[in-house]
A.B. asks: 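The structure that follows is given in the form of structure tokens.
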Amino acid sequence: MIVSICLLVFFGCGLNFAQPGDESYVSKTEFDALKEKLENLETKLRDTEIRQINSDSQIAELKNQERTKVIFSAAAGGSGNIGPFNTETTLIYRAVLTNIGGAYSQYTGIFTAPVAGVYYFTFYSHGGGEQRAMLKLYNNNQFIVRADDHPSNDPADNGGNAVFLQLQQGDQVYVRLGENCHVWGGSNVTTFSGFLVSQL
Ligand SMILES: *[C@@H]1O[C@H](CO)[C@@H](O)[C@H](O)[C@H]1NC(C)=O
């Protein structure tokens, strides 16, 4: 802006005081062309400035997201069967292996999303085969995915499932053991894990 005012004053003076044929003489056409060029430059400069401000704020936002880390893994724990119970029961994974961000509670078995975003959850289970081994993952009160293994003579039942979920802040994700089902708690064979993939 300042540059353009100076140049306008400079060329303006040329227009006022120089006469056709003088070395400093600038014709009206030349003046208008220069003025247009300057105006174009100014517009470009403004656009560049706006882009710079936008990318600065994007960088700040990304840095902020980078700080929000949510990663957890927990094993059911104990030394034997969990269940069977005659009602569906929230499985509390008591042995925390990782809990960055503290969003998983080893006391309730519930993961609470600290920020809105896309999260990945996975759960695996092992059971002895005497009972059905069914686990169901819920988002709030909504059933999402399950792993299921029916009783069989094979003494080792393994199951698992995984899901990406778009969560709002405060949404709760947990795994429930099906009615009359069991899983093995010991040896870290039955686990629940999740992490924040991307903040939204
Ligand atoms: C489960 O994993 C943790 C972490 O690696 C380990 O300290 C613990 O001994 C394991 N527990 C069993 C029963 O294997």
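Atoms within a ligand are numbered from 1 in the order they appear, just like the ligands themselves. Predicted model only: the values in this text are computed from it and were never measured. Note: hydrogens, waters and symmetry copies are ignored here, and every other heavy atom, side chains too, is used.
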A.B. asks: Is Ala95 close enough to touch ligand 1? Criterion: a residue heavy atom under 4.0 Å from a ligand atom.
C.D. replies: no
A.B. asks: Compute whether any side-chain donor of one residue and acceptor of the other, for Asp56 and Gln52, lie under 3.5 angstrom apart.
C.D. replies: yes
A.B. asks: State yes or no: are the ring centers of Phe72 and Phe192 separated by less than 6.0 Å?
C.D. replies: yes
A.B. asks: If you take the centroid of each ring, where Trp contributes its six-membered ring, are Phe111 and Phe121 closer together than 6.0 Å?
C.D. replies: yes
A.B. asks: For Tyr174 together with Tyr138, are the ring centres under 6.0 Å from each other?
C.D. replies: yes
A.B. asks: Tell me whether atom 7 (O) of ligand 1 lies less than 4.0 Å from at least one protein heavy-atom position.
C.D. replies: no
A.B. asks: Checking a contact table here: which protein heavy atom is nearest atom 4 (C) of ligand 1, and how many Å away?
C.D. replies: Leu97 CD2, 3.7 Å
A.B. asks: What residue and atom, counting heavy atoms only, is the protein's closest point to atom 10 (C) of ligand 1, and at what distance?
C.D. replies: Asn188 ND2, 2.6 Å
